**Q** 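Let me begin by handing over the structure; questions about it come next.
This structure is a prediction, so every number in the text was calculated from the model and none was measured. Computation of the quantities below employed the complete heavy-atom set of this structure, encompassing side-chain atoms and omitting hydrogens, waters and symmetry-equivalent molecules.
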Amino acid sequence: MPTLYIVGTPIGNLEDISLRALRILGEVDVIFCEDTRVTAKLLKHLKLNKPLKQFHKHSNVPNILNYYSIAYVSDAGTPGISDPGAMLIKYAREQGWDVVSVPGPSALTALISISGLELHEFTFLGFLPHKKGRETLIKEIAQSDRAMIVYESPHRIIKFLEKLAEFAPDKKVIIGRELTKKFEEVLVGTPSELAKFLQANPIKQKGEFVVLIYNNDPSK
């Protein structure tokens, strides 16, 4: 049965690759990825030599499934979340392929695990839109009693915190920056406090951010 493997890869520390992921990447016919340069570095570290093909939202999916076994990886973390993997998975299933999850690291669960919060439920919004609908979603975050989690880029993190401070100054925020990497850092405070801290420390504006927003009142 032709098989598409959705393979989780490290979000920073390359030692986080699983034994199963290592085996699957070594066995498949081809690896589809967001950026061949990023995945090539991972394969070099793993001492694997496999054909790499770029896959993005404009790729011609029917032409891709000309193999018997495929691994799909994102630039980092578990694929199919905030990346174009969903359309590849949908088409593979329609063609009768097996689709197999090979779980791995995720910035989302990594931050939750070290937050110190007893989160029985939360809402994940992924990357917020750059313009249209962005402020509406930030207002939704501000008004929600449920914990909310977003991904944010270094170019927009301060603006996000400033806008959140405008609509929800009393919310508490936990930021995970460069999780699992050498300069991993977890910051906790109000939106205003964290915006001011990052403004005063430009070096800490670099990297990828996962942001958890919640009510200070533990009963909510």
**Q** For Tyr67 and Lys53, run side chain to side chain contact (heavy atoms under 4.5 Å, CB included): C-alpha distance rounded to whole Å, both residues' side-chain angles, the deciding distance at 0.1 Å, then the answer.
**A** CA-CA 12 Å; Tyr67 300 88; Lys53 301 287 184 180; 3.5 Å; yes

**Q** Look at Glu185 together with Lys206 and state whether they make a salt bridge at an N to O cut-off of under 4.0 Å.
**A** no

**Q** Considering only NZ, NE, NH1 and NH2 on the basic side and carboxylate oxygens on the acidic side, decide whether Glu166 and Lys163 come within less than 4.0 Å.
**A** yes

**Q** Would a distance-only check, ignoring hydrogens and angles, find a side-chain to backbone donor-acceptor pair under 3.5 Å from Ser106 to Gly77?
**A** no

**Q** Treating Thr123 as the side-chain partner and Met148 as the backbone partner, does any N or O pair qualify as donor plus acceptor under 3.5 Å?
**A** no

**Q** Can you tell me how far apart CG (Leu179) and OG1 (Thr109) are? Round to the nearest 0.5 Å.
**A** 9.5 Å

**Q** Looking at Asn201, I'd like to know if its CG atom is crowded, meaning that more than 12 non-hydrogen atoms belonging to other residues, nucleotides or ligands lie closer than 6.0 Å.
**A** yes

**Q** Give the C-alpha distance, both sets of side-chain angles, the deciding distance and a yes or no for side chain to side chain contact (heavy atoms under 4.5 Å, CB included) between Leu22 and Leu48.
**A** CA-CA 9 Å; Leu22 183 61; Leu48 294 177; 4.1 Å; yes

**Q** With the 4.5 Å side-chain cut-off for hydrophobic clustering, are Ile17 and Phe32 part of the same group?
**A** no

**Q** For Gly104, does its backbone N or O pair with a side-chain atom of Ser18 as donor and acceptor, under 3.5 Å?
**A** no

**Q** Among Tyr151, Phe160, Phe209, exactly one meets ring pair (Phe, Tyr, Trp, His ring centres under 6.0 Å) together with Phe127. Which residue is that?
**A** Tyr151

**Q** Quiz question: by atom type and distance under 3.5 Å, do the side chains of Asn215 and Lys172 form a donor-acceptor pair?
**A** no

**Q** Determine, using the 4.5 Å side-chain heavy-atom cutoff (strictly less than), whether Phe55 and Leu52 are members of one ILVMFWY cluster.
**A** no

**Q** Quick check: are there more than 12 heavy atoms from other residues, nucleotides or ligands sitting under 6.0 Å from NZ of Lys181?
**A** yes

**Q** Where do Glu121 and Arg146 land on the side chain to side chain contact (heavy atoms under 4.5 Å, CB included) test, with the steps shown first?
**A** CA-CA 7 Å; Glu121 60 178 14; Arg146 180 178 290 134; 3.4 Å; yes

**Q** Is any side-chain N of the basic residue among Glu208 and Arg177 closer than 4.0 Å to the acidic one's carboxylate O?
**A** no

**Q** Can you tell me how far the CG atom of Asp35 sits from the CD atom of Gln54, to the nearest 0.5 Å?
**A** 6.5 Å

**Q** Are the side chain of Glu193 and the backbone of Thr190 linked by a donor-acceptor contact shorter than 3.5 Å?
**A** yes

**Q** Where do Ile31 and Val73 come nearest, in terms of heavy atoms and distance?
**A** CG2-CG2, 4.0 Å

**Q** Kindly indicate, with the supporting measurements, whether the criterion side chain to side chain contact (heavy atoms under 4.5 Å, CB included) is fulfilled by Leu164 and Ile213.
**A** CA-CA 10 Å; Leu164 188 61; Ile213 308 101; 3.9 Å; yes

**Q** Do Leu161 and Val173 have side chains that approach each other closer than 4.5 Å (heavy atoms only, starting at C-beta)?
**A** yes

**Q** Can you tell if the side chain of Leu194 reaches within under 4.5 Å of the side chain of Ile175, non-hydrogen atoms only?
**A** yes

**Q** Hey, could you give me the CG/CD1 distance between Leu212 and Ile149, rounded to the nearest 0.5 Å?
**A** 4.5 Å

**Q** As an exercise, state the distance from OG1 of Thr39 to NZ of Lys44, rounded to the nearest 0.5 Å.
**A** 14.5 Å

**Q** Shortest non-hydrogen contact from Tyr5 to Ser69?
**A** CE1-CB, 4.5 Å

**Q** Give the cluster check for Leu88 versus Val100: same hydrophobic cluster or not, with ILVMFWY residues linked at side-chain heavy-atom distances below 4.5 Å.
**A** no

**Q** Would the distance check show the side chain of Lys139 and the main-chain N or O of Phe167 forming a donor-acceptor pair, the cut-off being under 3.5 Å?
**A** no

**Q** Do Arg134 and Glu152 pass the salt bridge (Lys or Arg N to Asp or Glu O under 4.0 Å) test, and can you show the C-alpha distance, the side-chain angles, and the key distance before you say yes or no?
**A** CA-CA 12 Å; Arg134 182 178 177 85; Glu152 193 52 277; 2.8 Å; yes

**Q** Assess whether atom CZ of Arg37 is packed by more than 12 heavy atoms of other residues, nucleotides or ligands within 6.0 Å.
**A** no

**Q** Of the non-hydrogen atoms in Pro10 and Leu42, which two are nearest, and what is the gap between them?
**A** CD-CD1, 4.3 Å

**Q** Could you give the distance from SG (Cys33) to NZ (Lys50), rounded to the nearest 0.5 Å?
**A** 14.0 Å

**Q** Between Ile157 and Leu198, is any pair of side-chain heavy atoms under 4.5 Å apart?
**A** yes

**Q** Is a side-chain N or O of Ser144 found less than 3.5 angstrom from the main chain of Ile141, in a donor-acceptor match?
**A** no

**Q** Flag the pair Ser153 / Arg156 as yes when at least one side-chain heavy-atom distance between them is below 4.5 Å, and no otherwise.
**A** yes

**Q** Would the distance check show the side chain of Glu140 and the main-chain N or O of Thr136 forming a donor-acceptor pair, the cut-off being under 3.5 Å?
**A** no

**Q** Distance from Phe197 atom CZ to Ile158 atom CD1, nearest 0.5 Å?
**A** 11.0 Å

**Q** Between Leu108 and Ile11, is there shared hydrophobic-cluster membership here, with clusters defined by ILVMFWY side-chain heavy atoms closer than 4.5 Å?
**A** yes

**Q** Answer yes or no: is there a donor N or O on one side and an acceptor on the other, between the side chain of Asp29 and the main chain of Tyr68, under 3.5 Å?
**A** yes

**Q** With heavy-atom distances below 4.5 Å as the criterion, would you say the side chains of Ile89 and Leu4 are in contact?
**A** yes

**Q** If you draw a 6.0 Å radius around CD in Glu15, do more than 12 non-hydrogen atoms from other residues or ligands fall strictly inside?
**A** no

